[in-house]
*Asks:* 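Quick one: structure below, then a few questions.
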2 protein chains.
Amino acid sequence: MVRKPAKSGIKADAKVASTRKPNMREAILAAAEELFSTYGFNAVSVRDIAQAAGANPGSVTYHFKTKDGLLLEIYRRHCGPMNRRRSELLAAARRVRDLQDRLEAIVRAYVLPAFTSGSDLAGGGTRFTRLRAIMSAEGNEVVRKIIAQTFDDTSHAFIDAIHESLPHIPRTDLVWRGHFLLGALYYTLVTPERVSRLSRGSADGTDAGHAIEELVCATVAALQAAPLDQPTPVPRKAAGVNPGRALT
Amino acid sequence: MVRKPAKSGIKADAKVASTRKPNMREAILAAAEELFSTYGFNAVSVRDIAQAAGANPGSVTYHFKTKDGLLLEIYRRHCGPMNRRRSELLAAARRVRDLQDRLEAIVRAYVLPAFTSGSDLAGGGTRFTRLRAIMSAEGNEVVRKIIAQTFDDTSHAFIDAIHESLPHIPRTDLVWRGHFLLGALYYTLVTPERVSRLSRGSADGTDAGHAIEELVCATVAALQAAPLDQPTPVPRKAAGVNPGRALT
DNA sequence: ACCATATTTGTACTATCGTCCAAATATTCA
DNA sequence: TGAATATTTGGACGATAGTACAAATATGGT
């Protein structure tokens, strides 16, 4: 790690109260999650985590064996609740009558848990999703495994649900557009200040609520776009939103 | 670095020909770019780079002083040509008569150089953009500076051009949607195999040409979506693509 | 209070990190 | 060619990495 944010301050000098060891394992997990999601996995050392948690480096090894094991446990903590929440919201979304509303509900069911899940802590969902974003770029092997076997089922369920609402669009296109959604979501969590900067202050990239609305709105429109092959299919109504292949 | 891809093989055992030192500085730059864009900045050591370039670790220090300096030089190499290409394509796109075609041309002008720029080497554009994606997640300080002072002007130019084609949509929304475009672009370059996996083989995430088409199509549709505030403005035609705020 | 167990501590090990430097070698130009 | 310069080499430095382990301490059941 490079930056040193001057320590917390609240942790006290010990001794005073008996608040020393309520649950060190949890403290380590929380510290690791915060540091990993901020600086990335490779840039944070086990010693950084131990210090932030007020623990001894040896304790990290004791509880999680290796640094990879610590990362794995963080994923285990969040994947279950997040996917459960997604399934619940997806099931509710499927019951929406109006096709247009249903599509939006499905997208919202995918996006919302990424911001709000997190078992208990405030901002837990955002933090974990930011971690996932960073890990997808750094490319850890442990993560690649757990991602493929934990999130792919959910992703397929969402793609299927979307395909039901938009049967005239090939599944392949929907996979691409869902992929773009995840990329946009990740990037927004990783670089929110860019939005504030480019909008010259008229937008706040860190405002999760507004980010969700923008993301849902843009994604619903993207999903409904005419597929690549057909020049102007016009499924029901919808303006000619697509090609022409101009330029080059 | 963790993975060891068993070395190149082509580099030969030296001695045979006089192909030993055409330009070591360039070889180091190329090796660093390849490794950084694959494993990330933090995961690659100066020694990894030197070995991949067939150079001595000391040579890296000699030519670039520090590891950060090496990264900086890679950015300097690519930012100029890429932004120049973008400006050219943007100027051409602005001259397109039809508003719909013009919008698509503008988006294409933004996306294309990210895949094809790169001064000389094949795949140079893709590699550098993948590097930018990884660096945006890892959050290097050197990069943050050069990004803000090199790409923001171009980004503003594109947002302005888009705003001209879609004057009824608030600039703020266009900033968000342009942000999503970049996130989707980055994610596609960083995790292309996810598309292949989720589409069960019916799509190839590494096919840059197809990725561009999908990205442009989805983005054009997203840009045209009705803005958040107005429930159903219907600028010219375009179906009610937006809200309802269903669920939750 | 006692013992068995769980946890924490402090330290040490080896490996590798980025960077430095003096000596060796290659290159360039008068 | 010979001197000046540019580059490469190999080794070294201190710092820090992940992990292991024995000793110290806290905890919970009886």
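In this text the structure is predicted, and so the values were computed from the model without any measurement. Chain A is the first sequence line, chain B the second, and so forth, proteins listed ahead of strands; every chain is numbered from 1.
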*Asks:* Hey, do the aromatic rings of A:Phe180 and B:Phe180 have their centres closer than 6.0 Å?
*Replies:* no
*Asks:* Grab the OH-P distance between B:Tyr62 and D:dT5 for me, whole Å please.
*Replies:* 12 Å
*Asks:* Rounded off to whole Å, could you give me the CG-to-C1' distance for the B:Asp48 and C:dA15 pair?
*Replies:*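 Those two atoms, CG and C1', are 13 Å apart.
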*Asks:* Relative to the 5' end of DNA chain C, which residue comes earlier, A:Ile28 or B:Asn56, by the nucleotide with the nearest heavy atom?
*Replies:* A:Ile28
*Asks:* State which of D:dA17, D:dT7, C:dT19 makes the closest approach to the side chain of B:His63.
*Replies:* D:dT7
*Asks:* With respect to the side chain of A:Val46, which nucleotide from D:dT8, D:dG18, C:dT8 is positioned closest?
*Replies:*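 Looking only at heavy atoms from C-beta outward on A:Val46, the closest nucleotide is D:dG18.
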*Asks:* Stepwise, does the side chain to side chain contact (heavy atoms under 4.5 Å, CB included) test hold for A:Thr219 with A:Tyr110?
*Replies:* CA-CA 11 Å; A:Thr219 300; A:Tyr110 186 81; over 6 Å; no
*Asks:* Under 3.5 Å, is there a donor-acceptor pair linking the side chains of B:Thr172 and A:Ser199?
*Replies:* no
*Asks:* Under 4.0 angstrom, heavy atoms only, what part of the nucleic acid is B:Val60 near: base, sugar-phosphate, or nothing?
*Replies:* nothing
*Asks:* A:Leu71 has an atom CG; how far is it from atom P of D:dT19, in whole Å?
*Replies:* 12 Å
*Asks:* NA contact type, A:Arg47, heavy-atom cut-off 4.0 Å: base, sugar-phosphate, or nothing?
*Replies:*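 Base contact.
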*Asks:* Provide, to the nearest angstrom, the distance between the CG atom belonging to A:Asn23 and the C1' atom belonging to D:dA26.
*Replies:*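 To the nearest whole Å, that distance equals 14 Å.
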*Asks:* CZ of A:Arg25 versus P of D:dT27: gap in Å, rounded?
*Replies:*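 Atom CZ in A:Arg25 sits about 18 Å away from atom P in D:dT27.
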*Asks:* What's the closest nucleotide to the B:Ser59 side chain, out of C:dT8, D:dT8, C:dC17?
*Replies:* D:dT8
*Asks:* Give the rounded distance in Å between these two atoms: CD of A:Glu26 and C1' of C:dT7.
*Replies:*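 For the pair A:Glu26 CD and C:dT7 C1', the rounded distance is 15 Å.
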*Asks:* Between B:Asp160 and B:Arg171, does at least one N-O distance fall below 4.0 Å, as a salt bridge requires?
*Replies:* yes
*Asks:* At 4.0 Å (heavy atoms only), tell me whether B:Ser45 reaches a base, stays on the sugar-phosphate, or touches nothing.
*Replies:*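 Counting heavy atoms under 4.0 Å across all strands, the contact made by B:Ser45 is with sugar-phosphate only.
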*Asks:* For the side chain of B:Lys67, counting heavy atoms from C-beta on, which of C:dT9, D:dT19, C:dT19 is nearest?
*Replies:* C:dT19
